[in-house]
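Proteins get letters first, then strands, A, B, ... in listed order; numbering begins at 1 in each. Every heavy atom of this structure was used, including side-chain atoms; hydrogens, water molecules and symmetry mates were not.
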2 protein chains.
Amino acid sequence: MAALKYSRQREAIKHYLASTKEHPTADTVYMHVKKEFPNISLGTVYRNLNLLTDIGEAIKISTPDGGDRFDGTVQPHNHFLCTKCGRFLDLELDMKSIEEMNRLANDCFDGMITSSSTLFYGECSDCIRKS
Amino acid sequence: MAALKYSRQREAIKHYLASTKEHPTADTVYMHVKKEFPNISLGTVYRNLNLLTDIGEAIKISTPDGGDRFDGTVQPHNHFLCTKCGRFLDLELDMKSIEEMNRLANDCFDGMITSSSTLFYGECSDCIRKS
DNA sequence: GTTCGTGCAAAGGTTTTGCACGAGT
DNA sequence: ACTCGTGCAAAACCTTTGCACGAAC
């Protein structure tokens, strides 16, 4: 395995991920980090996002609409996608509920479940207010 | 909105989806339906899968690895992805648990949650046996 | 000096789309 | 007849990768 060397670009990506709740796509990360490193390439962003995901410092989330999203919050938590406006939000089920759910799932299943990720769908409060 | 006309190709796609538990990708659907309709095009498969998804006769599932998968089972249920062998399985949490989970989520959230989809990760029984 | 990360550009894979024609009503 | 679905091919996306150079060790 290759040793991991410091890189300013990776550091900037990590800081951006930590600073936002936007669940940005790779392209969004690219556009933000570009402000600080105008020459950074999209390939570098992808390489670093995948690297961070592999070493457990970020999470990759797949949604049915468009590209994958990345999240710097690695503690187990779930997400909500508004089917009207497309907003993508954190949803803080408490840890106990998540563990409870995994345990419940383990009971109906003869493999071993180590983690889970739930995507909730519905209408966000803004959309409800408008209708 | 356009009226919906019958098509043999769409029917074949529906039947294939109903007959399998493989959670096929669009390409897999294409290859199977091709046996019956050698001239069918991948574009048609995509158009129909998206159509079926829109009218609620199929579900589109996004996973972090590779393309989206489709599922003809539209009743709420969840999925399991083996992190070792990549196997993708149904996981039958009973309805009560799913409803309970959605209700729990609604309590921590000021929008309205209508549905959810959970992807569980872990090791399937085959991989456990081998290790 | 060696190794690893980067920028660039090209390639790879998946999904969508414009068009003319043929199937369904 | 009229409309919608199809096949085909091109395009649009998203993501990965080969390469030569520069940064980190």
Side-chain angles (χ1 to χ4, degrees), chain A residues 1-17 22-55 57-71 81 86 88 119, chain B residues 1-17 22-71 81 86 88:
Chain A
M1 63 183 59
L4 191 59
K5 281 184 184 170
Y6 172 90
S7 108
R8 300 147 175 272
Q9 289 88 338
R10 178 159 58 240
E11 221 50 28
I13 290 170
K14 275 168 71 171
H15 283 130
Y16 173 62
L17 273 189
E22 300 284 321
H23 306 86
T25 60
D27 199 67
T28 308
V29 174
Y30 173 59
M31 291 193 295
H32 275 87
V33 176
K34 203 168 185 154
K35 290 175 190 163
E36 196 180 343
F37 293 89
N39 291 328
I40 198 171
S41 79
L42 189 53
T44 297
V45 171
Y46 272 104
R47 273 185 291 237
N48 278 304
L49 286 173
N50 286 334
L51 175 58
L52 292 173
T53 300
D54 286 346
I55 64 179
E57 299 197 12
I59 288 173
K60 190 196 256 187
I61 310 152
S62 304
T63 69
D65 64 355
D68 290 345
R69 291 158 173 277
F70 293 86
D71 190 337
L81 179 62
F88 194 89
L119 184 53
Chain B
M1 60 183 65
L4 190 60
K5 280 186 186 169
Y6 171 90
S7 107
R8 299 147 175 272
Q9 288 90 336
R10 184 183 318 125
E11 219 51 26
I13 291 170
K14 276 168 72 172
H15 283 132
Y16 173 62
L17 274 189
E22 301 284 321
H23 306 87
T25 60
D27 199 65
T28 307
V29 174
Y30 173 58
M31 290 192 297
H32 275 87
V33 176
K34 203 168 185 155
K35 291 175 190 163
E36 197 180 342
F37 293 89
N39 291 327
I40 197 171
S41 79
L42 190 52
T44 296
V45 172
Y46 272 104
R47 273 185 289 236
N48 278 303
L49 287 173
N50 286 334
L51 174 60
L52 291 173
T53 300
D54 286 347
I55 64 178
E57 299 197 11
I59 288 174
K60 189 197 256 188
I61 310 153
S62 304
T63 69
D65 64 356
D68 291 345
R69 291 158 172 278
F70 293 86
D71 190 338
L81 180 62
F88 194 89

Protein-nucleotide distance (B:Lys5, atom NZ; D:dC4, atom C1'), rounded to Å: 4 Å

Interatomic distance where CG belongs to B:Asn48 and P belongs to D:dC4 [whole Å]: 15 Å

Length of the OH-C1' vector between A:Tyr6 and C:dT3, whole Å: 18 Å

Difference in axis direction between the ends of the helix from C:dG1-D:dC25 to C:dT25-D:dA1, five pairs, 10°: 30°

Closest contact, heavy atoms only, A:Thr25 versus A:Gly67: CG2-O, 4.4 Å

A:Gln9 side-chain N/O to C:dG7 phosphate OP1/OP2 under 4.0 Å: yes

Plane angle bin for B:His32 and B:Tyr16 - parallel if under 30°, tilted between 30 and 60°, otherwise perpendicular: parallel

Footprint string (nucleotides 15-22 of chain D, 5' to 3'): B base within contact, S backbone only, - free, heavy atoms under 4.0 Å: BBBB----

Donor-acceptor contact present, side-chain B:Arg10 to main-chain B:Lys5, <3.5 Å: yes

Interatomic distance, B:Ile61 CD1 vs C:dT15 C1' [rounded to whole Å]: 17 Å

B:Asn39, nearest nucleotide to its side chain (from C:dT25, D:dA23, D:dG7): D:dG7

Value rounded to 0.5 Å, distance of CZ in B:Phe70 from CG in B:Leu17: 8.5 Å

Between D:dC4 (P) and B:Leu51 (CG): distance, integer Å: 13 Å

Between D:dC25 (P) and A:Leu4 (CG): distance, integer Å: 9 Å

Spacing of B:Glu11 atom CD relative to C:dG24 atom P, expressed in whole Å: 11 Å

d(NZ, B:Lys14; P, D:dG5) in whole Å: 13 Å

N or O in side chain of B:Arg10 less than 4.0 angstrom from D:dC4 OP1/OP2: no

Approximate separation, where rounding is to 0.5 Å, of A:Ile40 CD1 and A:Asn48 CG: 7.0 Å

B:Phe37 six-ring face occupied by B:Arg8 cation (under 6.0 Å, within 45°): no

Nearest-0.5 Å distance that lies between atom CG in B:Leu49 and atom CD1 in B:Ile59: 13.0 Å

Below 4.0 Å: OP1/OP2 of D:dA23 and any side-chain N or O of A:Ser7: no

For B:Ser41 against B:Tyr30, the heavy-atom pair lying closest together: C-CE1, 3.7 Å

Nearest-0.5 Å distance, NZ of residue B:Lys60 to OG1 of residue A:Thr63: 9.5 Å

